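What follows is a short report on a single structure.
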Amino acid sequence: MTLAPALNQKPLRDTHGRTIKYLRISVTDRCDLRCRYCMSEKMTFLPRSKLLSLEEIAIIAERFIARGVTKIRLSGGEPLVRRDVAELVQRLGHNIGANGQGGSLEELTMTTNGTRLAQHAEAMVDAGIRRVNVSMDSRDPERFRYITRYGDVSQVIGGIYAARDAGLAIKINMVALKGFNEDEIAPMLAWCRDEGFDLSLIETMPLGAIDEDRTDRFLPLTKVFEDLGQQFTLARDAHKTGGPARYWNVDGTRTRLGLISPLTANFCDGCNRVRLTTEGKLYMCLGHDDQVDLKAALREGGTAGLDEAIDAGLFAKPKAHDFRIGQGEGPAVARHMSVTGG
Ligand code: SAM
């Protein structure tokens, strides 16, 4: 696809004064696991004909970079199950540093469940990726299989070590779940500290219908943090990603503990991100349904169409999500995290 030269280089600012510098891309809604809090066992996925092509993802991403985005995270679904993901990583990696189109990407990164990380880690490093987030809610094989419905944790741990050996910095993402992994949070933090990994704890969010009531599993991180404070020396770390996490240094090491608590601590004031789905929809907030169709805009209007749609999206970016979790509340939005790219 050939596009007209870009005219609209204006920075991405929303109507609440926030500058958007971070694009998350869900490269596929498919996943090789079925985490119980994330999706139903019989989840249906988009037909391939509806997906953005690799070329379209790259064009959209590069347009965002030209307009000031400096960080891109590939997510999903499971990004590493998309067949052409290695090619996409390589293509986007070319935008790190000045990309010759008026933009400059500072960081390309990925969130993965780790099942295929061992096969991909070296190519990711070659493409310029330096850090990955790996989701692992338990290191216990049986629990891991239960929560993911059929995952093998040894594959994930193998992927984590392969990624570290390839030179990637690792952050473990762990969703804190009442009655499931409460007793594993402190051991997970100790393991991360000893291995030189960071750990982010995440509160379960009311996104998409699942086969159970999330309220039963909701574990407020305020309480978890208090308990961790009894066992570790936690010093507030000024580290800011512009993201939702607040960080603490652990026991004077380089390990950071991050808390992502959308339910107990709203973090929307500093929101610097938007999210592109694999179908080409741009969501301005994980917790709202407002979206613009960048696939149609690109196909019908090229760069100018894309810019117009991006501007319309920014105009509609809400001030805050309004997640609530309570008995019988149901999901705040019908979309699963795997669609918007968690
Ligand atoms: N497949 C990749 C992975 O497992 O990391 C990327 C996509 S996954 C949707 C991204 C993150 O979202 C994972 O850490 C997962 O645990 C988390 N997640 C999924 N659904 C969630 C929910 N309803 N509430 C909180 N976290 C959720």
Side-chain angles (χ1 to χ4, degrees), residues 24-40 43 45 72-82 85 109-117 120 124 131-138 143-144 147-153 155-156 159-160 163 170-178 180-181 185 188 197-221 224 243-245 258-264 267 273 275-278 283 286-287 321 323-325 329-342:
R24 291 172 85 112
I25 305 176
S26 174
V27 301
T28 175
D29 62 334
R30 285 165 200 265
C31 191
D32 52 349
L33 301 178
R34 295 283 182 283
C35 297
R36 288 170 187 270
Y37 54 82
C38 181
M39 58 176 82
S40 140
M43 183 79 177
F45 298 108
I72 291 182
R73 176 177 298 279
L74 304 179
S75 185
E78 172 46 40
L80 295 179
V81 303
R82 180 159 171 153
V85 70
T109 180
M110 184 182 284
T111 300
T112 170
N113 64 26
T115 59
R116 299 172 190 216
L117 196 48
H120 286 272
M124 286 161 67
R131 298 193 300 134
V132 280
N133 290 5
V134 185
S135 305
M136 183 169 63
D137 302 322
S138 172
R143 283 191 185 178
F144 187 82
I147 201 71
T148 60
R149 291 202 175 92
Y150 36 73
D152 173 0
V153 77
Q155 226 177 347
V156 175
I160 291 169
I170 310 283
K171 183 196 283 179
I172 304 296
N173 278 352
M174 179 182 193
V175 179
L177 297 163
K178 188 162 80 184
F180 173 69
N181 60 5
I185 296 176
M188 185 74 91
F197 304 148
D198 290 338
L199 174 67
S200 273
L201 298 174
I202 306 172
E203 282 177 352
T204 178
M205 298 176 222
L207 300 171
I210 53 170
D211 302 328
E212 45 196 74
D213 186 346
R214 283 193 182 87
T215 313
D216 298 338
R217 292 264 182 233
F218 177 64
L219 183 60
L221 290 183
V224 171
L259 299 186
I260 303 181
S261 15
L263 281 299
T264 55
F267 44 63
R273 62 193 57 196
R275 298 163 193 265
L276 178 68
T277 72
T278 188
Y283 282 91
L286 194 57
H321 68 70
F323 288 148
R324 275 181 308 272
I325 202 152
E329 288 260 7
V333 292
R335 228 167 48 245
H336 292 83
M337 182 85 105
S338 55
V339 173
T340 336

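Start at 1 with the first residue, then count along the sequence. Computed over heavy atoms, backbone and side chain alike; hydrogens, waters and symmetry mates excluded. Computed from a predicted structure; not experimentally measured. Every number for a ligand or one of its atoms is a count from 1 in the order of the listing.
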Report the C-alpha separation of R149 and D211 in whole Å, then their side-chain angles, then the decisive distance to 0.1 Å, and conclude whether the salt bridge (charged side-chain N to carboxylate O under 4.0 Å, His left out) test is met. CA-CA 12 Å; R149 291 202 175 92; D211 302 328; 3.0 Å; yes
Hey, which atoms in ligand 1 end up nearer than 4.0 Å to a heavy atom of [X]?
| X | value |
| --- | --- |
| V175 | 16 (O), 26 (N) |
| M205 | 22 (C), 23 (N), 24 (N), 25 (C) |
| S135 | 3 (C), 4 (O), 5 (O), 13 (C), 14 (O) |
| C38 | 19 (C), 20 (N) |
| E203 | 25 (C) |
| T204 | 24 (N), 25 (C) |

Residue-ligand contact G77/ligand 1, heavy atom below 4.0 Å: yes
If the contact criterion is a heavy-atom separation under 4.0 Å, does C35 count as touching ligand 1? no
Ligand 1-proximal atoms of [X], by part, heavy-atom distance under 4.0 Å:
| X | result |
| --- | --- |
| S75 | side chain |
| T112 | backbone |
| T111 | both |
| N173 | side chain |
| M39 | neither |

Residues which pass salt bridge (charged side-chain N to carboxylate O under 4.0 Å, His left out) with D32, listed by chain and number, not counting sequence neighbours: R116
I172 and side chain to side chain contact (heavy atoms under 4.5 Å, CB included): which single residue from I160, V156, N133 fits? I160
Which pair of non-hydrogen atoms, one from K171 and one from L199, has the smallest distance, and what is that distance? CG-N, 4.3 Å
Which atom names give the shortest non-hydrogen contact between T204 and R217, and what distance separates them? CG2-O, 4.2 Å
Does [X] reach the main-chain N or O of [Y] with its side chain, forming a donor-acceptor pair under 3.5 Å?
| X | Y | answer |
| --- | --- | --- |
| R143 | S138 | no |
| S200 | L259 | no |
| T28 | G77 | no |
| R73 | M110 | yes |

Return yes or no for this condition: an N or O of D137 is under 3.5 Å from an N or O of ligand 1. no
Applying side chain to side chain donor-acceptor pair (under 3.5 Å), can you list everything that pairs with R30, at least two apart in sequence or on another chain? none
Which is closest to atom 2 (C) of ligand 1 by heavy-atom distance: M110, E78, M174? E78
